[in-house]
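Encoded as structure tokens, the structure appears first; notes follow it.
Lettering of chains follows the sequences in order, A, B, ..., and the numbering in each one begins at 1.
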2 protein chains.
Amino acid sequence: MNTVSPELVYPEAPRRARGRPRKTADERDDGNRRVELVHAAARLFRRKGFDGTSTRDIATAVGMHSGSPFYHFKSKGALLHAVMDEGMRSAILRQTLALQGAAQARPDAAALLHVLIRSHFDVLLGPGSDFISVMLYESRSITAKQRSALAQLQGDYEAVWEPVLQTLHKQGRLQCPVKLARLLIFGALNWSVQWFDAKKGASLDELADAAMALFIGEAPPVPARRVRS
Amino acid sequence: MNTVSPELVYPEAPRRARGRPRKTADERDDGNRRVELVHAAARLFRRKGFDGTSTRDIATAVGMHSGSPFYHFKSKGALLHAVMDEGMRSAILRQTLALQGAAQARPDAAALLHVLIRSHFDVLLGPGSDFISVMLYESRSITAKQRSALAQLQGDYEAVWEPVLQTLHKQGRLQCPVKLARLLIFGALNWSVQWFDAKKGASLDELADAAMALFIGEAPPVPARRVRS
DNA sequence: CCTACCGATCGGTAGG
DNA sequence: CCTACCGATCGGTAGG
């Protein structure tokens with residue numbers, strides 16, 4: 001019922017071209033807003049679920065108004081995918097760094113598994129864990145196309161474990177079939193998101209040691225280098 | 001805009017007292033409708049999540065109209081709790097039966113663990129698995145009061161594992177601290193809901209054997225009795 | 001258990 | 001990025 005002409009209500013509309021932000025000085029600002037949105041989405045999707053979070057919740061969390069997230073993302077689903085993609089890339093990066101950090105000690109297979117497990121706990125439970133939690137527990141809500149794009153990254157992440165488990169299996173230190181071992185091990189680790197409490201109970205180092213004891217049944221031969229958390 | 005009086009539109013309203021179904025011949029029918037609703041809710045909550053399922057979805061699945069589920073349940077949340085409660089009670093029953101079935105073979109701790117694991121896979125992946133899946137993956141959506149009621153049942157279910165793991169730990173067959181071992185083992189098993197495909201890959205028996213090999217590192221001394229699935 | 005409905009909220013969009 | 005808005009859908013209820 002607003003009969004006032006738009007010009008009077010909004011007399012000083014910015015002259016910026018619509019739909020295409022400038023690529024010069026303020027490009028960084030736009031990027032930061034995008035990152036802020038993904039961060040807020042990760043936290044809310046984790047706490048309340050994808051379907052339980054409204055785009056208004058996300059907008060409010062970064063100080064925007066209800067329609068503004070759609071300036072940065074074309075849909076709520078695109079935001080979810082951005083969260084998951086960030087989670088997987090971060091996980092792969094940390095895993096790579098952890099392996100590089102351990103390489104000079106010439107670790108055997110058991111020590112490598114320890115490094116992978118410790119890094120995985122860091123990804124799951126350390127800072128930034130919202131992203132990978134959403135990746136793991138909200139996969140129902142992504143489209144088939146998004147799912148296959150993420151499956152590629154998941155494949156990269158998991159591929160690193162394969163030769164390590166193969167070696168342990170051949171050595172007789174892992175009696176479980178390798179394919180099932182990987183699935184069961186990931187389950188044991190991923191489930192920690194449900195019960196881990198940083199303020200009490202075991203540390204991430206203790207968790208990794210316990211997992212090694214459970215799966216391999218012996219302490220790792222090389223005292224594992226601690227991952228910064 | 002309907003100006004026709006209700007009496008003309010709905011001239012033959014049943015005389016049944018409102019809000020209190022008769023407790024005689026048709027009591028069983030009412031119970032069946034309730035059970036149907038819980039069943040449909042379990043299937044839909046599992047496939048689409050609690051927040052992704054509307055009460056209309058559930059009503060349609062059992063051939064009711066949109067408002068009718070609220071004749072049987074006072075809220076959507078009450079339906080969720082009913083699903084979870086049924087899931088836990090069924091799990092406890094199956095676990096009890098599995099242990100009773102194995103008792104006459106005088107199983108040692110490793111054989112008992114095998115029975116527990118096999119029964120747990122049956123609960124997670126066999127018929128009726130929707131209930132426990134919802135219990136495991138939709139816990140975010142229940143109220144604090146409901147949560148504590150379910151925690152009691154979960155405690156009962158988990159308590160059975162404790163002495164078994166304790167014994168294995170003392171025997172040196174489980175080197176992981178018992179408390180963490182239970183959490184990690186449950187994770188390994190519960191995660192199978194995410195990847196298990198009944199139509200390909202391992203059977204539930206093979207899964208249980210693989211899990212035993214991973215956690216204990218040896219075949220169970222007593223050939224395990226198969227759980228009916 | 002159906003009918004008819006309500007207030008609230010949701011994802012998303014046009015226009016500036 | 002805000003304003004103003006839309007159509008759709010949601011959980012739940014009164015009354016019979």
Side-chain angles (χ1 to χ4, degrees), chain A residues 1-22 26-27 29-34 36-37 41 44-45 48-80 141 143, chain B residues 1-22 26-27 29-34 36-37 41 44-45 48-80 141 143:
Chain A
M1 307 313 172
N2 182 6
T3 54
V4 181
S5 78
E7 289 76 21
L8 291 177
V9 173
Y10 193 56
E12 302 198 2
R15 284 305 156 110
R16 172 183 304 192
R18 289 185 51 234
R20 181 128 65 93
R22 288 201 299 271
D26 55 1
E27 187 190 25
D29 285 274
D30 289 349
N32 280 345
R33 296 306 270 158
R34 225 187 104 98
E36 284 176 47
L37 279 169
L44 288 165
F45 287 162
K48 313 205 297 176
F50 178 73
D51 287 318
T53 302
S54 70
T55 54
R56 283 164 173 80
D57 290 338
I58 299 168
T60 300
V62 300
M64 289 180 182
H65 287 203
S66 69
S68 302
F70 298 98
Y71 173 78
H72 298 276
F73 293 90
K74 72 178 211 295
S75 70
K76 189 186 176 189
L79 248 170
L80 177 63
S141 298
T143 68
Chain B
M1 309 309 179
N2 182 9
T3 55
V4 181
S5 77
E7 290 75 22
L8 291 177
V9 172
Y10 193 57
E12 302 197 2
R15 283 306 154 108
R16 170 182 306 193
R18 289 184 52 234
R20 180 127 65 92
R22 288 199 300 270
D26 55 2
E27 188 189 23
D29 286 89
D30 289 350
N32 281 343
R33 296 305 269 158
R34 227 189 102 98
E36 284 176 48
L37 278 169
L44 288 165
F45 288 161
K48 312 205 298 176
F50 178 73
D51 287 319
T53 302
S54 71
T55 55
R56 283 162 173 82
D57 290 338
I58 298 168
T60 300
V62 300
M64 289 180 182
H65 287 203
S66 67
S68 301
F70 296 97
Y71 173 78
H72 297 276
F73 293 90
K74 71 177 210 295
S75 69
K76 188 185 177 190
L79 250 170
L80 176 63
S141 298
T143 68

With sequence neighbours left out, which residue pairs that include part of residues 59-70 of chain A fulfil the salt bridge (Lys or Arg N to Asp or Glu O under 4.0 Å) condition? none
Between protein and nucleic acid, restricted to nucleotides 10-13 of chain D and to nitrogen or oxygen atoms under 3.5 Å apart, what atom pairs and distances do you find?
from	atom 1	to	atom 2	distance (Å)
dG11(D)	OP1	T53(B)	O	3.3
dG11(D)	OP1	K76(B)	NZ	2.7
dG11(D)	OP2	T55(B)	N	2.8
dG11(D)	OP2	T55(B)	OG1	3.1
dG11(D)	N7	R56(B)	NH1	2.8
dG11(D)	O6	R56(B)	NH2	3.1
dG12(D)	OP2	K76(B)	N	2.7

Kindly list each side-chain donor-acceptor pair under 3.5 angstrom involving residues 57-67 of chain B, sequence neighbours excluded, with atom names and distances?
from	atom 1	to	atom 2	distance (Å)
D57(B)	OD1	S54(B)	OG	3.3
D57(B)	OD2	K48(B)	NZ	3.0
D57(B)	OD2	S54(B)	N	3.1
D57(B)	OD2	S54(B)	OG	3.4
T60(B)	OG1	R56(B)	O	2.9

Separation of atom OH in Y71(A) from atom C1' in dG16(C), rounded to whole Å: 13 Å
Which nucleotides of DNA chain C pair, in dot-bracket form (Watson-Crick or G-U under 3.5 Å, | meaning another strand): ||||||||||||||||
Ignoring the backbone of H72(B), work out which of dC1(D), dC1(C), dT3(C) is nearest its side chain. dC1(C)
Please set out all donor-acceptor pairs under 3.5 angstrom arising from side-chain atoms of residues 73-80 of chain B, sequence neighbours excluded.
from	atom 1	to	atom 2	distance (Å)
S75(B)	OG	G77(B)	N	3.4
S75(B)	OG	A78(B)	N	3.1
K76(B)	NZ	F50(B)	O	2.9
K76(B)	NZ	T53(B)	O	2.7

Please round to the nearest 0.5 Å and tell me the distance separating atom OG1 of T55(B) and atom CG of L44(B). 11.0 Å
Using every non-hydrogen atom in the two residues, find where H72(A) and R34(A) come nearest and quote the distance to one decimal. O-NH1, 3.6 Å
